[in-house]
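Any value given below was found using the heavy atoms of this structure, including those in side chains, with hydrogens, waters and symmetry copies removed. The chains referred to below are lettered A, B, ... by the order of the sequence lines, with proteins before strands, and numbering in each begins at 1.
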2 protein chains.
Amino acid sequence: MPKRVDHAERRTEIAEALVRVAGRRGLHAVGMRDVAAEAGVSLRLVQYYFETKEKLLLFGLEHLAARLGDRVAARVRAAGDNPGPRAMVEALLMAALPADDESRTFHHLYTSYAVLSVNDRALAAQPFIKNPNAAEDAVTETLRRAQEVDLLEPGLDARLEAVSLLAMSAGLGTSILVGQRSPESAAAVLQHHLDRIFRAHGGAASTQKAPE
Amino acid sequence: MPKRVDHAERRTEIAEALVRVAGRRGLHAVGMRDVAAEAGVSLRLVQYYFETKEKLLLFGLEHLAARLGDRVAARVRAAGDNPGPRAMVEALLMAALPADDESRTFHHLYTSYAVLSVNDRALAAQPFIKNPNAAEDAVTETLRRAQEVDLLEPGLDARLEAVSLLAMSAGLGTSILVGQRSPESAAAVLQHHLDRIFRAHGGAASTQKAPE
DNA sequence: AACATCATGGTACGTTCGTATCACAAACTG
DNA sequence: CAGTTTGTGATACGAACGTACCATGATGTT
């Protein structure tokens, strides 16, 4: 049986098993044995590809962040081949809302990791500062470009608006997660705020009606 | 030694020990023995006053929510004997930001519980829907009163603004918690957004200095 | 004074968890 | 073909955890 095997691929499979089972039962309740069972391999194998649980968790977080990034990028791409600034920002923010099962899991686990990172130096490093900062920069840059072609209300501070939007999106995401708010109502709140920032004008391709 | 003892008081002491130790080491890492040690009692005692760990956690959450409520109320009261709507909203939102150690612990643990509540029906019930809804109602009501005396920019939807503000505050809180943003910068973002909603006018006692 | 009840301590039990160990077959290397 | 490396299984081990059990002194009641 033991043929040569691609470690990276194997690790990814196991990490995805981790994400699945953690999404179902909560990150705190996941053990090595659960991950092994979910991945359909033996406990020993999980140990073999990640020597320790902490390394598994760490890799799981990186994997999760990467997948989240992919997802956002896909949404932005899906907004059209040359999307306007508003459509782009909208896609980015909406992708971050836990609307479907997959993004719900993302949000749930990302928050779980965030909580762990408060007490675990190793988890804190990258994803909770670098990634949000990247998102902030991206939104800021998009807003700046919108400003240059006069698509924004005058007198706005692009970075400040970017931070506000992302904070709002994150906060709304959490309230969806705990069941306080529906995804639709959260999306409406975001739309409303975008309406306030972007100038209303005739024929743009962004504020259509009901998204999926 | 065994004299008659006030159970409620005892339970509160233990719950506060739970909050302290959980704030230090993370909720996931707290066991009965840790709580007992922190409270300076025996393991048996913790078992005696809360038969099961789940009940301890549940009570801890209730206690935390109540203390958080007290804290917000105190901040609002501290805003003056008859604070204007803006000062009131400001106090409420700022109190929710993890600026000092105590509110940092609040935010940390509240988020921990929120994550647990996704998979634990018993934890979900009250605090993550009822309390936020109450806050939302309070802010909405305050904004409505501000509208009546023409303190807001015209044409705003009070409830929508309240939701936006609270979501932003929550999102900023999390980013402070994970170390992405400073409390000062988060406060500035909130102030900026309040400036946009409330009409600028001469002598209010709220929007003092410069952001960043 | 006798007795029930309350508060508390100590400790044992069964489980689960992360990790380590032993064993072995397949695949590559020379 | 011999030998080393690599992938995989089964299982054992020690620690920690939540809970249960047993004991006992203090308090209140009759």
Next on the checklist: Strictly distance-based, threshold 3.5 Å: is any side-chain N or O of R181(B) a donor or acceptor partner for the main-chain N or O of L172(B)?
Outcome noted: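 No, R181(B) side chain to L172(B) backbone: no donor-acceptor pair under 3.5 Å.
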Checklist entry - In Å and rounded to the nearest 0.5 Å, what is the CD to CD distance from E90(A) to Q191(A)? => result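 Answer for the CD-CD pair, E90(A) versus Q191(A), is 4.0 Å.
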Checklist entry - If you round to the nearest 0.5 Å, how far is CG of L160(B) from NE2 of H192(A)? => result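 Here the interatomic distance stands at 4.5 Å.
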Look at the side-chain N and O atoms of [X] and state whether any lies under 4.0 Å from the OP1 or OP2 oxygen of [N].
X	N	answer
S42(B)	dG10(C)	no
R10(B)	dC6(C)	no
Y49(B)	dT8(C)	yes
H7(B)	dC6(C)	no
T52(A)	dT19(C)	yes

Are any protein N/O atoms closer than 3.5 Å to N/O atoms in nucleotides 20-23 of chain D? If there are, list each pair with its distance.
residue, atom, partner, partner atom, Å
dA20(D), N7, Q47(B), NE2, 2.9
dA20(D), N6, Q47(B), OE1, 2.9
dC21(D), N4, R44(B), NE, 3.0

Checklist entry - Can you list every pair that meets ring-ring contact (aromatic ring centres under 6.0 Å, His included) and has a residue in residues 18-43 of chain B, with sequence neighbours left out? => result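 Matches after skipping sequence neighbours: none remain.
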Checklist entry - Between dA7(C), dG9(C), dT8(D), which nucleotide gets closest to the side-chain atoms of V5(B)? => result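 The nucleotide sitting nearest to the side chain is dA7(C).
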Next on the checklist: Just to be sure I understand the geometry, which residues of residues 108-120 of chain A put a non-hydrogen atom under 4.0 Å away from DNA chain C?
Outcome noted: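 None - not one residue of the stretch has a heavy atom sitting under 4.0 Å from the strand.
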For nucleotides 14-17 of chain D, which of its nitrogen or oxygen atoms have a protein nitrogen or oxygen under 3.5 Å away, and what is each distance?
none

Item to check | Candidate pair D6(A) and R11(A), rule salt bridge (Lys or Arg N to Asp or Glu O under 4.0 Å), full reasoning | outcome: CA-CA 9 Å; D6(A) 181 352; R11(A) 284 164 63 90; over 6 Å; no
Item to check | Distance, rounded to the nearest Å, where Y48(A) contributes OH and dG18(C) contributes C1' | outcome: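 So the two atoms are 19 Å apart, to the nearest Å.
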Next on the checklist: Without decimals, in angstroms, what is the distance between D6(A) CG and dT8(D) P?
Outcome noted: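 In whole Å, dT8(D) P and D6(A) CG are 12 Å from each other.
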Check residues 46-70 of chain B and write down every donor-acceptor pair under 3.5 Å in which the side-chain atom is one partner and the other belongs to a residue at least two apart or another chain.
residue, atom, partner, partner atom, Å
K53(B), NZ, V30(B), O, 3.2
H63(B), NE2, E16(B), OE2, 3.2
R67(B), NH2, E102(B), OE2, 3.4

Item to check | Candidate pair D100(A) and S103(A), rule side chain to side chain donor-acceptor pair (under 3.5 Å), full reasoning | outcome: CA-CA 6 Å; D100(A) 54 33; S103(A) 61; 2.8 Å; yes
Item to check | Sequence-distant partners of R77(A), salt bridge (charged side-chain N to carboxylate O under 4.0 Å, His left out), two or more places apart | outcome: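 Applying salt bridge (charged side-chain N to carboxylate O under 4.0 Å, His left out) to R77(A) gives none.
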